[in-house]
Amino acid sequence: RAENGDVKKRGDGQDWKENKRSGGLASSHNTDTNEDEEGDSVTPRRQMGTSYDYDEDEDEEEDDYDEDEMDEEDEDEDEEDDDDEEEPILKYQRLDESVPEILQKDSICCFAAHEKFLVVGTKSGAIHILDLNGNESVKLNTHAGPINFLSLDPSGDFVASCANDGQVIVTNLFSRNPKQYRFNQPMTCVCLSPSYSQKPMFVAGGPGGELYLNQKSFFGDSNRLIHKGG
């Protein structure tokens, strides 16, 4: 009996293992084929996953819609930037009054503008101060030859001019007092410091690419060569 019992137990164990193996295979088979014990068709699990796939498609469509909205917003911003970069429409007005009279006797070589007045330099070496309508208020006979360049400080109190006579002249427009700076060559350009009224300083250039810095020092005004060559 013990032996039979052992055999029976082994048999039961084998049967249980076989049933477990066959049941597992059956359940696995039912999962793949989706049929019940009577052979009726059951809704497959893959169809249950279809709704999940459909949700993914909806998410993708929403993402595409969001991307399209972002692209449209970017295009609108680009169009606004293009509108901002458009050149302003300017109104041109011919200067009459004193300008035709100046041009009958001389020719204009250079020009500078302030928000309140205009400055022109001529071939004869004169500087004319005009209002915005072209009326002359001041004439300065500064140079012996054509004026090459004019520079105004931001306050409009000083104007600097340079010419082929080798001079840079800075004139106080209120006192009409000119200050001359002599160089050993024609001067082709000049620029006053933005803070010239507080700290007088300017740079001037010659035809060979020389650039000079003029500023006050303990021993007076000094011209220092800060660049040489083209």
Side-chain angles (χ1 to χ4, degrees), residues 82-216 221 223 226-227 230:
D82 293 339
D83 293 337
D84 295 338
E85 292 175 358
E86 289 182 359
E87 294 185 3
I89 299 175
L90 302 178
K91 294 182 179 180
Y92 295 92
Q93 178 182 349
R94 183 181 295 275
L95 293 176
D96 294 322
E97 307 302 334
S98 302
V99 175
E101 183 180 351
I102 295 171
L103 294 176
Q104 286 177 0
K105 302 176 182 179
D106 209 342
S107 58
I108 295 176
C109 300
C110 53
F111 174 89
H114 190 266
E115 61 180 5
K116 295 180 179 179
F117 60 89
L118 309 173
V119 184
V120 295
T122 64
K123 188 176 180 180
S124 66
I127 294 176
H128 301 268
I129 311 297
L130 310 173
D131 65 16
L132 299 180
N133 294 319
N135 295 299
E136 182 179 83
S137 59
V138 178
K139 180 181 178 180
L140 304 171
N141 294 311
T142 52
H143 294 273
I147 297 177
N148 293 325
F149 206 91
L150 294 169
S151 175
L152 287 165
D153 77 316
S155 67
D157 295 338
F158 297 89
V159 58
S161 58
C162 63
N164 291 336
D165 59 5
Q167 292 188 97
V168 171
I169 299 178
V170 181
T171 305
N172 186 319
L173 295 178
F174 288 98
S175 65
R176 310 288 193 273
N177 181 28
K179 189 169 184 179
Q180 299 178 347
Y181 302 87
R182 296 186 179 276
F183 296 83
N184 297 323
Q185 60 178 345
M187 302 306 291
T188 56
C189 60
V190 62
C191 183
L192 293 176
S193 167
S195 58
Y196 184 87
S197 57
Q198 289 81 31
K199 185 178 181 181
M201 183 168 54
F202 67 85
V203 290
E210 302 88 354
L211 187 64
Y212 295 90
L213 172 64
N214 180 281
Q215 58 184 347
K216 282 189 174 182
D221 294 328
N223 290 323
I226 58 175
H227 180 75

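Quick caveat: nothing in here was measured; it's all calculated off a predicted structure.
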Atom [atom1] of [X] and atom [atom2] of [Y]: how far apart are they, to the nearest 0.5 Å?
{"X": "Tyr196", "Y": "Ser155", "atom1": "OH", "atom2": "OG", "result": "11.0 Å"}
{"X": "Thr171", "Y": "Arg176", "atom1": "OG1", "atom2": "CZ", "result": "10.0 Å"}
{"X": "Lys199", "Y": "Ser193", "atom1": "NZ", "atom2": "OG", "result": "8.0 Å"}

Can you tell me if [X] and [Y] form a side-chain donor-acceptor pair at under 3.5 Å?
{"X": "His143", "Y": "Ser161", "result": "yes"}
{"X": "Ser197", "Y": "Asp157", "result": "no"}
{"X": "Asn223", "Y": "Asn214", "result": "yes"}

Can you establish whether the number of heavy atoms outside Arg94 located under 6.0 Å from its atom CZ is more than 12?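 No - once you tally the heavy atoms of other residues, nucleotides and ligands closer than 6.0 Å, there are 12 at most.
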Glu101, CD: over 12 other non-hydrogen atoms inside 6.0 angstrom: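 Not buried by this count: 12 neighbours or fewer within 6.0 Å.
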Whether the side chain of [X] engages the backbone of [Y] through a donor-acceptor N/O pair (distance < 3.5 Å, no angle test) should be reported.
{"X": "Gln104", "Y": "Ile102", "result": "no"}
{"X": "Asp165", "Y": "Gln167", "result": "yes"}
{"X": "Thr142", "Y": "Gly125", "result": "yes"}

Side chain to side chain contact (heavy atoms under 4.5 Å, CB included), that's the test. Do Leu118 and Leu132 meet it? Break it down for me. CA-CA 6 Å; Leu118 309 173; Leu132 299 180; 4.0 Å; yes
Where do [X] and [Y] come nearest, in terms of heavy atoms and distance?
{"X": "Phe158", "Y": "Asp153", "value": "N-OD1, 3.0 Å"}
{"X": "Ala163", "Y": "Gly145", "value": "CB-O, 4.2 Å"}
{"X": "Leu150", "Y": "Ala112", "value": "CB-CB, 4.0 Å"}
{"X": "Gly208", "Y": "Glu210", "value": "N-OE1, 3.2 Å"}
{"X": "Pro207", "Y": "Gln185", "value": "CD-OE1, 4.2 Å"}
{"X": "Ser151", "Y": "Cys191", "value": "OG-CA, 3.5 Å"}

Carefully, step by step, assess Asn148 and Asn164 under the rule side chain to side chain contact (heavy atoms under 4.5 Å, CB included). CA-CA 7 Å; Asn148 293 325; Asn164 291 336; 2.8 Å; yes
Derivation and outcome, side chain to side chain contact (heavy atoms under 4.5 Å, CB included), residues Glu97 and Glu136: CA-CA 8 Å; Glu97 307 302 334; Glu136 182 179 83; over 6 Å; no
Worked check of side chain to side chain contact (heavy atoms under 4.5 Å, CB included) between Phe117 and Ile129: CA-CA 7 Å; Phe117 60 89; Ile129 311 297; 4.0 Å; yes
Determine whether [X] and [Y] make a side-chain contact, defined as any pair of heavy atoms from C-beta on separated by less than 4.5 Å.
{"X": "Val138", "Y": "Leu173", "result": "no"}
{"X": "Val119", "Y": "Leu130", "result": "no"}
{"X": "Ile169", "Y": "Lys179", "result": "no"}

Could you tell me how the ring of Tyr181 sits relative to the ring of Phe202: parallel (under 30°), tilted (30 to 60°) or perpendicular (over 60°)?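 Ring orientation, 0 to 90° scale: perpendicular.
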